[in-house]
Amino acid sequence: MIEEKISLQQTENSIDTKLVSDDAEGISIAAQAIAAGKLVAFPTETVYGLGGNALSPDAAMNIYAAKGRPSDNPLIVHIAETSAVNELATDIPENANALMEAFWPGPLTIILPKKPCVPDATTGGLSTVAIRMPSHPAALQLIRESGVYIAAPSANTSGRPSPTTAQHVAEDLGGRIDVIIDGGPVGIGIESTIVDLTGEVPTILRPGYITKAMLESIVGHVEIDRALIEDDPTLRPKAPGMKYTHYAPKGTLSIVEDSDTPSVATDKVVEKINSITGELLSENKKVVVLTTADMADKYLCTDKILLGEHGNGETVAARLYAALRECDKIGADFILSESFNRDDLGGAIMNRLLKAAGHRVITV
Ligand code: TXA
Ligand code: MG
């Protein structure tokens, strides 16, 4: 894919955001900025992160301010060596070591009781800390060279889809942060799996690329936070960030699903999408269909955005957030999406898509 030329918007009150590449020189500039207490957006294998010194309350507050994020929503601490876990956390259970061994570096975040050195500003006042060792070489090099642990939420404005390219970061945070490292499009495309290891049974607080089955193959039975699977608004998700409306495009997004076979866009789904499209177009609305490549030809709508291939979750995850951002660029009033299976990686994709849709599902 040819990368678009990245444009950085500067306004009167904005700071001068440096855009650097992910080579040794770029990472060195970024590492110096982090060490000096500034903010740097950097690529990881999941999504781009907005990093600052994890042990500095000021850096954490600046991260919240740059994103427009509520400060009760804790940050993930990114590390480059497993030994860092002993400095940040206490009461580390044996299953934590087993999971680190199996999945680090990689898209898994673990929650453990925090040590006093981790400021409340970083953990949103919680007594636990989220820790992850990313596998992206630029991220690892940035952590090592800056000499600090890096607190990093996704590098989007709060409420927008997470960024999967440096261009997305520039759109949201250009003029508000010091450096953006451009490492091209990320590999996975949705955020890390979060697993809470502070209770009796490991519990998934956010589904991701590392699936329940993968975790269970290492530590036995794993639970999923009930607030993620039950349609009960009184249940509060254990990861504070999961309670916010997220990833939402500006237009109204609905998922169209065949209740008999939710994982396939059947003829019934196509018919429904085409009939809704017809109605909306007759009202002069801008309609976009989010479709897998194999189904795209079946839709009457001219504005189609491809999401990858059905049955190949990795291609869908990689495209999902960019697709939601494209809906905004096109100025979509209404967006109709196919649905995906809810197992494994599909479960993580549907978790994000349902949130983006405010849980609007049209069943046929
Ligand atoms: O893949 C990722 O995890 C990306 C990249 C940049 O590493 N980061 C990311 O961070 O997605 P963020 O801030 O967008 O999401 C962090 C999530 C939030 O839902 C937050 O509430 C939860 O992690 N979290 C952080 N610390 C927690 C804690 N101590 N207990 C429970 N949930 C926590
Ligand atoms: Mg985020």
Side-chain angles (χ1 to χ4, degrees), residues 6 8-20 26-44 46-80 84 88 109 114-126 128-132 134 138-139 141-163 166-183 191-192 239-241 244 246:
I6 294 177
L8 282 168
Q9 284 173 13
Q10 309 285 169
T11 57
E12 218 174 288
N13 295 326
S14 66
I15 58 173
D16 185 17
T17 303
K18 271 195 213 69
L19 181 71
V20 301
I27 292 173
S28 164
I29 291 168
Q32 285 169 40
I34 296 255
K38 296 179 175 170
L39 303 188
V40 169
F42 61 98
T44 81
T46 56
V47 298
Y48 275 74
L50 172 60
N53 181 349
L55 302 190
S56 155
D58 284 348
M61 295 321 287
N62 290 338
I63 289 174
Y64 292 122
K67 277 181 65 93
R69 172 171 176 149
S71 58
D72 68 345
N73 186 1
L75 309 174
I76 296 174
V77 180
H78 293 65
I79 61 172
L88 297 164
T109 296
K114 84 174 184 76
K115 277 194 171 164
C117 67
V118 185
D120 284 344
T122 299
T123 64
L126 296 179
T128 53
V129 58
I131 309 175
R132 148 163 146 79
Q141 188 55 26
L142 179 68
I143 301 164
R144 292 196 178 112
E145 227 177 296
S146 65
V148 299
Y149 307 128
I150 298 186
S154 48
N156 51 289
T157 305
S158 195
R160 292 211 75 202
S162 295
Q167 172 67 50
H168 297 162
V169 179
E171 282 162 14
D172 282 13
L173 300 177
R176 304 172 74 93
I177 62 174
D178 292 276
V179 182
I180 300 173
I181 302 177
D182 184 0
E191 305 84 346
S192 61
Y244 295 104
H246 253 80

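All residue numbers refer to positions in the sequence shown, counting from 1. A quick note: this is a predicted structure, and the numbers were derived from the prediction, not measured.
Atom-to-atom distance recorded for Leu55:CG and Lys115:NZ is 12.0 Å, nearest 0.5 angstrom. Once rounded to the nearest 0.5 Å, the distance linking NE2 of His168 with CG of Leu173 reads 12.5 Å. Going from atom CD of Gln167 over to atom CD1 of Ile180 covers 9.0 Å, rounded to the nearest 0.5 Å.
Judged by distance alone, the side chain of Arg69 and the main-chain N or O of Pro74 form a donor-acceptor pair under 3.5 Å. In this structure, the side chain of Asn53 does not engage the main chain of Gly37 through any donor-acceptor pair within 3.5 Å. The backbone N or O of Gly175 lies less than 3.5 Å from a partner atom in the side chain of Thr17, making a donor-acceptor pair.
Residues Val179 and Val20 form a side-chain contact, since some pair of their non-hydrogen atoms from C-beta on lies under 4.5 Å apart. Counting heavy atoms from C-beta outward, Val169 and Pro163 have side chains that approach closer than 4.5 Å. Proximity of Val118 to Tyr149: side-chain heavy atoms (C-beta onward) are nowhere separated by under 4.5 Å. Side-chain contact between Ile63 and Leu39 is present, with heavy atoms from C-beta onward closer than 4.5 Å. With a 4.5 Å cut-off on side-chain heavy atoms, Gln32 and Asp178 do not count as touching. Side chains of Val40 and Ile181 form a contact here, defined as non-hydrogen atoms less than 4.5 Å apart. In this structure, the side chains of Leu75 and Tyr64 come closer than 4.5 Å at one or more pairs of heavy atoms. Side chains of Tyr48 and Asp182 form a contact here, defined as non-hydrogen atoms less than 4.5 Å apart.
Partner Lys67 forms a side-chain contact (heavy atoms from CB on, under 4.5 Å) with one of Thr157, Asp172, Leu50 and no other, that one being Leu50.
Side-chain atoms of Ser192 and Thr46 include no donor-acceptor pair closer than 3.5 Å. Asn156 and Ser154 form a side-chain donor-acceptor contact under 3.5 Å, judged by distance and modelled atom types alone.
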Trace of the side-chain contact (heavy atoms from CB on, under 4.5 Å) decision for Arg132 with Thr44: CA-CA 11 Å; Arg132 148 163 146 79; Thr44 81; 3.0 Å; yes
side-chain contact (heavy atoms from CB on, under 4.5 Å) evaluation trace for Val129 with Thr122: CA-CA 8 Å; Val129 58; Thr122 299; 5.7 Å; no
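Between Pro57 and Pro119, the closest heavy-atom pair is CG-CB, 3.9 Å. Between Ser162 and Glu191, the shortest heavy-atom contact is OG-OE2, 2.5 Å. Contact detail for Ile177 and Ala66: the closest heavy-atom pair is CG2-CB, 4.1 Å. For the pair Leu142 and Ala31, the tightest heavy-atom approach, listed with the atom from each and the gap, is CD1-N, 3.6 Å. Between Ile29 and Lys18, the shortest heavy-atom contact is CG2-CD, 4.2 Å. The minimum heavy-atom distance linking Arg176 with Ala65 is given by the pair NH2-O, 3.4 Å.
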